[in-house]
Amino acid sequence: RLDSPEFKALSFMVKKGCVCLHVPYIVEKEFLTYLEIEQRKKIVSAIKSISSALNYEGTGEKTNDLSVILEKLKADEKDIVTERSASFIDWLNLNSAGRHPLTLKQSEGALEAYFNGSPPLKEPKTRKHIPDSFIYQKIMELKSNFGNDLTVVINDGDLRSACENAGILCFDELSKFLKSENAQECLKQPIIDVNKQQVLEYTLKLVAC
């Protein structure tokens with residue numbers, strides 16, 4: 001959820017210059033697809049619930065209003081899903097994220113990994129892990145640019161293991177990254193700056209004790 005405490009904290013870090021976000025093309029597409037599927041489920045569920053509420057005899061002003069809402073929801077279902085999923089792109093742009101498109105070099109590297117079974121794949125021609133191979137190629141490019149400053153959050157165990165073997169600091173959850181020593185160190189001064197008055201009052205209170 002983009003309104004979760006973790007995403008809010010990440011956004012805060014970006015705005016304070018603590019981190020720079022990078023999102024590979026495959027990750028962006030997977031996130032958008034997930035959002036669209038979940039949004040569509042919710043819209044369909046809402047349509048079913050309203051249809052069920054109208055499934056009885058008798059009419060009236062409010063019932064007619066609800067019927068209009070139902071038909072409007074059915075007509076706008078696709079546009080609503082698209083608009084809601086686009087919120088992720090808006091969030092990326094708002095946070096100046098690096099959105100990395102696929103390149104010929106990445107594609108060639110991913111296909112080589114597919115045929116040879118090289119990292120992050122464990123054996124040749126494993127089709128279900130092809131997306132991971134594309135993501136891995138981009139991560140390796142980022143590593144060559146940022147070295148030890150690169151940190152990756154990856155829930156997928158095999159992909160994370162491959163990145164760790166390549167010498168990249170990895171976390172399986174965003175919350176764990178935010179609790180890490182590096183992240184906490186980056187957050188200290190910005191948090192103090194934002195809450196100067198409260199920090200001063202607390203300090204004076206401690207001194208008074």
Side-chain angles (χ1 to χ4, degrees), residues 1-2 4-11 13-14 18-42 81 84-89 91-93 95-187:
R1 292 181 57 93
L2 297 177
S4 69
E6 291 82 7
F7 269 89
K8 287 181 178 178
L10 185 60
S11 184
M13 294 182 75
V14 170
C18 299
V19 298
C20 180
L21 294 177
H22 295 273
V23 184
Y25 172 84
I26 298 294
V27 174
E28 180 180 314
K29 286 299 181 181
E30 286 186 343
F31 204 101
L32 284 174
T33 301
Y34 171 79
L35 282 176
E36 289 173 358
I37 290 172
E38 291 302 307
Q39 288 294 336
R40 188 169 288 106
K41 286 180 181 178
K42 292 172 184 176
V81 170
R84 295 304 301 141
S85 64
S87 63
F88 178 56
I89 301 301
W91 188 88
L92 291 178
N93 292 334
N95 288 280
S96 304
R99 297 170 58 196
H100 299 280
L102 286 179
T103 64
L104 177 60
K105 182 179 178 181
Q106 289 173 35
S107 300
E108 289 175 344
L111 291 175
E112 283 295 322
Y114 168 71
F115 287 112
N116 297 327
S118 52
L121 306 182
K122 293 184 176 180
E123 57 185 30
K125 298 186 178 181
T126 309
R127 293 188 179 184
K128 68 176 182 178
H129 293 309
I130 289 179
D132 289 349
S133 189
F134 279 98
I135 296 171
Y136 183 78
Q137 296 302 317
K138 184 64 218 180
I139 291 175
M140 290 301 101
E141 285 185 15
L142 291 171
K143 182 178 184 296
S144 67
N145 292 331
F146 298 103
N148 293 333
D149 289 333
L150 178 67
T151 299
V152 182
V153 178
I154 308 173
N155 186 253
D156 182 274
D158 290 340
L159 181 55
R160 186 173 64 256
S161 178
C163 290
E164 288 173 338
N165 290 337
I168 299 173
L169 179 62
C170 299
F171 295 90
D172 63 348
E173 294 179 5
L174 180 57
S175 60
K176 292 181 180 178
F177 161 70
L178 294 171
K179 293 176 182 177
S180 69
E181 183 177 347
N182 286 346
Q184 290 294 307
E185 190 63 33
C186 287
L187 280 168

Problem - Close side-chain approach of Ser107 and Phe134, heavy atoms under 4.5 Å - result: yes
Practice task
Evaluate the side-chain proximity of Lys143 to Val152: yes if any heavy-atom separation is below 4.5 Å, no if none is.
Solution key: no
Problem - Heavy-atom pair with the smallest gap, counting every atom of Leu159 and Ile135 - result: CD2-CG2, 3.9 Å
Fill in the blank from the handout: Value for NZ (Lys176) from CG (Asp172), rounded to nearest 0.5 Å, stands at 3.5 Å
Handout entry: Student check: side-chain heavy atoms of Asn148 and Leu169 closer than 4.5 Å
Key = no
Exercise for the section: Enumerate the residue pairs fulfilling side-chain hydrogen bond (donor to acceptor under 3.5 Å, both in side chains) with a member in residues 20-30, sequence neighbours excluded, ordered by first and then second residue. Expected result: His22-His100, Glu28-Arg99
Using a 3.5 Å cut-off and no angle test, enumerate the donor-acceptor pairs between side-chain atoms of residues 124-133 and protein atoms at least two apart in sequence or in another chain.
from   : atom 1 : to     : atom 2 : distance (Å)
Thr126 : OG1    : Glu123 : O      : 3.0
Ser133 : OG     : Ala110 : O      : 3.2

Problem - Distance, nearest 0.5 Å, that separates SG of Cys18 from CG of Asn182 - result: 11.5 Å
Practice task
For Gln184, look at atom CD and say whether over 12 heavy atoms of other residues, nucleotides or ligands are found less than 6.0 Å away.
Solution key: yes
Exercise for the section: With the side chain counted from C-beta on, respond yes when Ile89 and Leu32 share a heavy-atom pair under 4.5 Å apart, and no when they do not. Expected result: yes
Practice task
Quick one: list whatever passes side-chain hydrogen bond (donor to acceptor under 3.5 Å, both in side chains) with Lys42, sequence neighbours left out.
Solution key: none
Practice task
Please check if atom OH in Tyr34 has more than 12 non-hydrogen atoms from other residues, nucleotides or ligands closer than 6.0 Å.
Solution key: no
Problem - Full working for side-chain contact (heavy atoms from CB on, under 4.5 Å) between Leu21 and Leu10 - result: CA-CA 9 Å; Leu21 294 177; Leu10 185 60; 3.7 Å; yes
Exercise for the section: Not counting sequence neighbours, which residues clear side-chain contact (heavy atoms from CB on, under 4.5 Å) with Ala86? List them please. Expected result: none
Fill in the blank from the handout: Rounded to the nearest 0.5 angstrom, the CG-SG distance for Leu150 and Cys170 is 8.0 Å
Exercise for the section: Determine yes or no for a side-chain-to-main-chain donor-acceptor pair under 3.5 angstrom, with Ser11 supplying the side chain and Lys8 the backbone. Expected result: no
Handout entry: Heavy-atom side-chain contact between Ile154 and Cys163 under 4.5 Å
Key = yes
Handout entry: Exercise: identify the closest heavy-atom pair between Val14 and Asn95
Key = CG1-O, 3.2 Å
Exercise for the section: Check side-chain hydrogen bond (donor to acceptor under 3.5 Å, both in side chains) between Gln39 and all other residues, then give those that pass, not counting sequence neighbours. Expected result: none
Handout entry: Presence of salt bridge, Lys105 and Glu108, under 4.0 angstrom
Key = no
Handout entry: Side chain proximity check, Phe88 to Asn93, heavy atoms < 4.5 angstrom
Key = no
Handout entry: side-chain hydrogen bond (donor to acceptor under 3.5 Å, both in side chains) contacts touching residues 149-166 (sequence neighbours left out)
Key = Lys122-Asp158
Problem - Any side-chain heavy-atom pair of Cys186 and Met13 under 4.5 Å - result: yes
